[in-house]
Asks: 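Below is one structure. I have some questions about it.
Reminder, nothing fancy here: chain letters follow the sequence lines and each chain counts from 1.
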Amino acid sequence: SAANAAANCIKGDRKPPYTIGWADIYSVPTWMKQTQGTIEAEVETLKKQGLVDKLVVTDAQGDANVQIQQIQSMIDSNIDAIILIAGSSTAPARVLADACSKGIAIINFDSLVDTDKVTAKVNTDSAQWGDQAAKFLINAIGGKGKILILNGPAGISVSDDRRKGADAELKAHPDVKVLAETNTPYNVAPAQEAVTSLLFANPEIDGILSLGGALSAGAVLALDKQGREQVPITGENARQFLELWKEKGLKSWATMQPNWLGAFAAYTAVQALQGKDVPAFVKIPLPVIDNSNIDEYLARAKDFPADGYIYSPYDEELFKKLLAQK
Amino acid sequence: MTTVAPLLAARGVSKAFFGNPVLRGVSIALQPGRVHALLGENGAGKSTLINLLSGALRPDGGEIEVDGRAVPRMTPVLARQAGIAVVQQELSLTASLSIAENIGLGAYPKRFGLIDYNELAARAKAACELVGLNEPLSTPVGHLALGRRQMVEIANALYRKPRVLILDEPTSSLSATETKILMDLLERLRGEGIAILYISHRLNEVMALCQHVTVLKDGTCTADRPLAGTDAAGLVRLMVGRDPGDLFPKWQPAVSTTTAITVRKFSAGLMRDVDLDIRTGEVLGIGGLVGQGQEDLLLGLYGAIPARTASATVNGVSGLPGGVPKANALGLAYVPADRKREGLHLIHPILTNMMLPAFARLPALKLRSRKAEGETGRSLAAQLAIKGDLQRPAQALSGGNQQKVALAKWMPHDPLVLLLNDPTRGVDVETKREVYLMLRAFAAAGKAVVLLSSDTPELVHLCDRVAVVREGRVAAMLERAALSEETIVSAAMGAGKQKVAA
Amino acid sequence: MSIVPSAKPAGALYWPVQAHRNIGVRALFLVVLAFLVAYGVLFPGLFTASGFAKFTQSWFPLALVAMAQAILMLTGGISLAIGATVSLGAVIAATTMAGPLGVAGGTAAVALTGLGIGAATGFIVVKLRLPAIVVTLAGSFIIGGAALLILPRPGGVIPAWLSDLLAGDTPAAFMLLVVIVVLWKLYLATPLGLSLYAAGENPVGAYRSGVPVDAARVAAYAISGLLSTGAGLFVAAQTGSGDPVIGTAFTLNSIAAAVLGGIGFLGGQGTMRGALAGSLLLSLMISVMFFLGFTPVAQYVAQGLIIIGAVAIPQIRKVQK
Amino acid sequence: MTAWNDSAGGKRVSAILKSRPFLTLAIVAAVWIVASFVSRGFGAYGHLRYLVELGAVIGLVAAGQTFVVIAGGIDLSVAAIVTVSAISLPLLSWQADTTGLVSVLAVLALTTAIGVVNGLGVALLRVHPMIMTLAMATFLQGLLIIIAGGSAVTAENPLVHWLGNARPAGIPAGIILWIAVSAIVLTVMHATPFGARIFAMGANPLAASLSGVPITSTTLAVYGISGFTAGLAGVLVLGMNGQGYVGIGDPYLLASIAAVVLGGTSILGGLGTYAGTIPGAVLLVTITALITVVNASPGWRSILFGSLILGLLLLSGREQARR
Ligand SMILES: Nc1ncnc2c1ncn2[C@@H]1O[C@H](COP(=O)(O)OP(=O)(O)OP(=O)(O)O)[C@@H](O)[C@H]1O
Ligand SMILES: Nc1ncnc2c1ncn2[C@@H]1O[C@H](COP(=O)(O)OP(=O)(O)OP(=O)(O)O)[C@@H](O)[C@H]1O
Ligand SMILES: [Mg+2]
Ligand SMILES: [Mg+2]
């Protein structure tokens, strides 16, 4: 009954095999496709264990309103679990509360919703991301100099959180001067265009604080095409960036939003449905890529799409450990 | 002479477009109880003058007076308040609205701020009855034939109970019956003391209806006088400034026995199971009441609408063309009736309009020769008396001149069969004469002409044979000897049916 | 008056006129009906109060933006700023309603913003004679920027009772839609409202007949703005908060819904009932495809096919006739 | 009246000075001059050259879009086609194809075919262009799910790399490509019967059809051209970024339409020229770059961008009354 259920939203009345709903916000981008790949792999494993019988996938085509409607349909079809990347950090809150009240396990990862009416949220710490990236960069340029900040789209919580996370470090180093900031989609081309213009307008720069996605590759290409010296730059685990890093011998640091968050979310949903205790927030430690381990990542590059992300390895042990942490 | 102040008058008005003077010091006065004719060649400035009178355009100089008082800034709204209604040719209608909504357009009766549909229905019905429109009032205007739309337009003007009624070529798309209704109506309105300004290129109408005439030539007033004591020839003299020749050319039949087009059991649109032979060297008229399927006959032969036939031969090739490009390749050319919608590219230069059939036939990527195009264009313009810069957009031409362009563009291709849909609609007499001469010359050269016309005299005097169409069939095929306005009209009405069939 | 048939039964003209307007959208109505039936069969819960409520709630904002787009297209205009305007409406609602302005003040602020933006756009397009598509493209950046200024990241709050009222288990959204449709019918029965058609299809002729062409067009833009921010308010209520980029997808969806509903681009062609049916089809499609278990790839392909089919089949039938 | 104004040559000069393309060009020049005073590096030769190179991508997409718009349509699938082109090139690579030319041609054939399908829907099914191309964009999204990330190969196509990076005689290859395409487009548009048919079709399709213009095949050709130039833009943008990705074409949908209209082509069809689209494309990238270097919050930058477009439209964009 509901009283002795362990995790949020779980009433203990759902029996395996479970049907899992994957409410994808937009299935076309490569990162999403890779993430879906890890979910499908995990579901296969769970199927073999007799825990899951079906994975239902919806694609909101980038529209948060459609995602809400699709989650509603999942509720209507009495699905057992919903895993989702939110199209808006606020919009799905009410529909999720509905789902929660119906005893559906909800695991929200990557882009989170501001609500506690979910079974668990799974994510890296965006503020920490910004903080660590800023630390590396400031250190790499010797505590002073002129930098550019590249960030994801405006109006999105993730990009805003990462940027805010960098604030403390930047304030602590008044000698680090931010020449310009831009917001673009997390893609190569717009970053390359923006950085090219910024470089012409600000000929002297010492470092680039790039906060995710494929922005860093764009910046490196921009510097390269102008025949400029590369500067210290932060980034994410995009394969193109890691390859450029090696090729140009960059002074870099990268972290990642591991694609296996998806697999982990599916795993966690099943755990919660089975009555296991699941923390309301599972914080995924940020894996760090630096010169010490970049070769390990690049060695596996051929297993990943050319425009994809080389994520850190994972297995069930890791998932168990993550769930066990308090 | 007259002591009454004119209801509406222009005093020495001038108007120029982009520096080209169109009207120079023109005056006109509309008196109650009088039908006033406004005549002039195509492009003389008639439409422009009524646009000034009705406030659609503002004069560069001179004044517009209502009841003898000058109105400094005439607008369509003011004009309507002053009881002035204008019948534009098919200009002000909205296809998706119903007949009633179109008739009431711009002056809906209101109740609590909403349109009072019952009142609208009543008043629209009254207006419709005046012009003999009996279609349900809820019919969308888009479903009506051209002539019926014109009647809606007239009903729209009458709906406002005007004191001054201005009609710009109202009969050019009307059938004989509709024209008759309109003539009777105007006569009655005149009797009620309404002032009427009537523009037409059909001089017999003008002679029958009007009491006073103003003639424009090149933007100036060349005559302003009572009509009494003038004949049609006199009117033409006033318009063109010299003695008119005969309107219709003298011609000898040159019909051969070879046929240009033969169809058996031909069906397209409204036309059903028609057998027809079009011979080389003849002008074959197509007559009948408006909307009996005549247009579908031409369009079907031309491949512009789907058509079926048991057998067909077109210029020696068997089978229908089945598409406009193919029809063109077989030597067919079509000149549509509605020049603005179907005939011309109004926003494009006159020259481009003239060259379009050539562009459609030349190899797609062959380089154009601007020089050759210019020469062709100039010679066509000279041939058809189209004046002025050929780089102007076609919409800057007056209606009649637009019609000439729609015709001219086929001339360089020397088509073997000309399919003409009311080619002289809105064309002034002088141009008509030229067009008639051209058509006969064309036939004499061994080509075939199919002339669909709503102008019965044209059919009588110009055609070797006339096919009268009724309810989708050829009700009668009248040979030249049997041609007269009476035979055509009675065949069209179905009266002479037995006689002809026998 | 005389004995002229003024004593005809009420609506003797109005209803036949309406009936003629149904002709163009009959095929679409059938398609929508088929989808509704399919949805009902696949998800019987649709016929419960809460099922119906949720279903109409997901349709409602799309219905509003479809109307917002349709009214412009009827006048020969178009807007690429609908999505941004929805977002702006949402953030204004989410930042005002919990504050001193309260729900009434917040609603007024949303409505005034919509009317103001619409009227300004209309003025620029109509009076300055600039192409609507680029004016509203530029407008979408300006309006979207304003939304970002008000709420740089998702946040704000809508009073819970309002959210429960509009987007709870009540058919409030449906009632609201009915009210809006009635208001629209009333507007279309005013001289200014009906002028939309004439102003869209034949502005020169309409002007010469004394139709207030410019006023009708500017009013259409203003109403369109109001409907868009209204949709934003509803989305904010539905989600309980504001998001400065929530409306983005509505721009293209509103165009798709309107065109699906038979609204032409040249102005004066189409009916609002068609646009509403178009938006309903778009919304139904999402749920029906879910219950049929379509994969994302199949969803994309089916969506494309349904949209083309719904437009092409009536066209082809028309040609065949 | 001055003497030269009366001469034929003088007339032509004054016509050019008054024309929309020239006006747009003048605006671009003015923006460049003002911007280089405001920001030192903005007006540097290298930067302007880079802007033109970026403009080339928009310009290529907008070339097809100009054809389509003049013909009375619109193509909302160009963004998806650019992406399909950039993503599918690595998939269509063969060992034997050492220059990379064959795979580029294969991709262009694919994108042209996509355009032709658009044309089929518009001409034969009579689906409105906006709906047809929107639905096509939706289809292509489905296609992208299938092919995206499907290849672990980077685009190591020599021809594509050359296009994106080479600078023969100091001019980026992309710009050279754009110049060549522009010359062809302007010739086809204004000096061939095919071009004249397109204008006629856009201004009055009914009259054009009755004059013998083959509407169906012309429509197919127009959308095919749009697919082709969008595909070419995809190849170029792939070369410039070294890597294609899903979403790479997204910025080019609205940009191509804006470039066309800013360049003076009527969105209603029948009037316009690619000669205006060219400065229109450069104008757009210039404004984008200008906004990038302005230090302001995202909201203000967005507002500034919109206001600039609106302001420039006021200078150049009056739509003539029609119908
Ligand atoms: N808006 C305009 N812009 C430029 N030229 C115009 C305009 N309106 C009329 N014109 C020109 O003014 C002249 C007079 O045109 P108008 O339409 O008044 O002639 P019309 O007498 O009505 O001829 P028709 O007998 O053919 O109807 C024509 O040469 C026409 O080209
Ligand atoms: N460049 C132009 N721009 C806008 N309107 C124009 C232009 N040129 C001409 N017009 C309008 O078109 C009219 C010519 O076409 P219109 O249909 O009025 O001719 P019309 O002779 O009155 O036609 P019809 O004789 O068939 O009634 C001009 O009187 C003018 O009002
Ligand atoms: Mg006239
Ligand atoms: Mg005329």
Asks: With under 30° as parallel and over 60° as perpendicular, where do the rings of C/Phe55 and C/Trp59 fit, or are they tilted in between?
Replies: parallel
Asks: Assert yes or no for the condition that the ring centre distance of A/Phe109 to A/Trp22 is strictly below 6.0 Å.
Replies: yes
Asks: Within the 3.5 Å criterion, strictly below it, is a donor on A/Asn259 or A/Thr35 matched to an acceptor on the partner's side chain?
Replies: yes
Asks: So what's closer than 4.5 Å to chain A heavy atoms on C/Ala237: side chain, backbone, both or neither?
Replies: backbone
Asks: Could you tell me which portion of C/Pro152 (side chain, backbone, both or neither) has an atom closer than 4.5 angstrom to a non-hydrogen atom of chain A?
Replies: backbone
Asks: Counting heavy-atom pairs under 4.5 Å with chain A, which one of C/Leu62, C/Val297, C/Asp243, C/Val245 comes out on top?
Replies: C/Asp243
Asks: Counting only non-hydrogen atoms closer than 4.5 Å, does C/Phe250 touch chain A with its backbone (N, CA, C, O), its side chain (CB onward), both, or neither?
Replies: side chain
Asks: Measure distances from C/Leu148 to the heavy atoms of chain A and classify the residue's part below 4.5 Å as side chain, backbone, both or neither.
Replies: side chain
Asks: What option among A/Asn65, A/Thr58, A/Val66, A/Ile156 has the most heavy-atom pairs under 4.5 Å with chain C?
Replies: A/Asn65
Asks: Side chain, backbone, both or neither: which part of C/Ser163 has a non-hydrogen atom closer than 4.5 Å to chain A?
Replies: both
Asks: Decide if atom CZ of C/Phe291 counts as having more than 12 heavy atoms of other residues, nucleotides or ligands within a radius under 6.0 Å.
Replies: yes
Asks: Which bit of C/Ser283 comes within less than 4.5 Å of chain A, counting heavy atoms only: side chain, backbone, both or neither?
Replies: both
Asks: Out of A/Gln70, A/Gln67, A/Gln72, which residue meets the side-chain contact (heavy atoms from CB on, under 4.5 Å) rule with A/Val95?
Replies: A/Gln72
Asks: Between A/Ser157 and A/Ser89, do the side chains contain an N or O donor and an N or O acceptor separated by less than 3.5 Å?
Replies: yes
Asks: Under the criterion side-chain contact (heavy atoms from CB on, under 4.5 Å), I'd like the reasoning laid out for A/Val57 against A/Ser27: C-alpha separation, chi angles, the key distance, then a yes or no.
Replies: CA-CA 9 Å; A/Val57 187; A/Ser27 64; 5.9 Å; no
Asks: Looking at CE of C/Met289 and CD of C/Gln303, how far apart are the two atoms once the value is rounded to the nearest 0.5 Å?
Replies: 5.0 Å
Asks: At a 4.5 Å cut-off on heavy atoms, which part of A/Asp98 comes close to chain C: side chain, backbone, both, or neither?
Replies: side chain
Asks: Do you know which of C/Gly242, C/Gly156, C/Ser58 has the most heavy-atom pairs under 4.5 Å to chain A?
Replies: C/Ser58
Asks: Within this structure, what is the CE-OG1 distance for the pair C/Met97 and C/Thr107, rounded to the nearest 0.5 Å?
Replies: 3.5 Å
Asks: Heavy-atom cut-off 4.5 Å, strictly under: side chain, backbone, both or neither for C/Ala147 against chain A?
Replies: neither
Asks: Heavy-atom pairs under 4.5 Å with chain A: which of C/Gly247, C/Ser50, C/Ser241 has the most?
Replies: C/Ser241
Asks: Between C/Asp169 and chain A, with a heavy-atom cut-off of 4.5 Å, which part of the residue counts as in contact: side chain, backbone, both or neither?
Replies: neither
Asks: For A/Val56, which atoms come within 4.5 Å of any heavy atom of chain C: side chain, backbone, both, or neither?
Replies: side chain
Asks: Could you go through the side-chain contact (heavy atoms from CB on, under 4.5 Å) check for A/Val52 and A/Thr19 one step at a time?
Replies: CA-CA 6 Å; A/Val52 171; A/Thr19 301; over 6 Å; no
Asks: Between C/Gly155, C/Ser287, C/Gly293, C/Gly45, which has the largest tally of heavy atom pairs under 4.5 Å with chain A?
Replies: C/Ser287
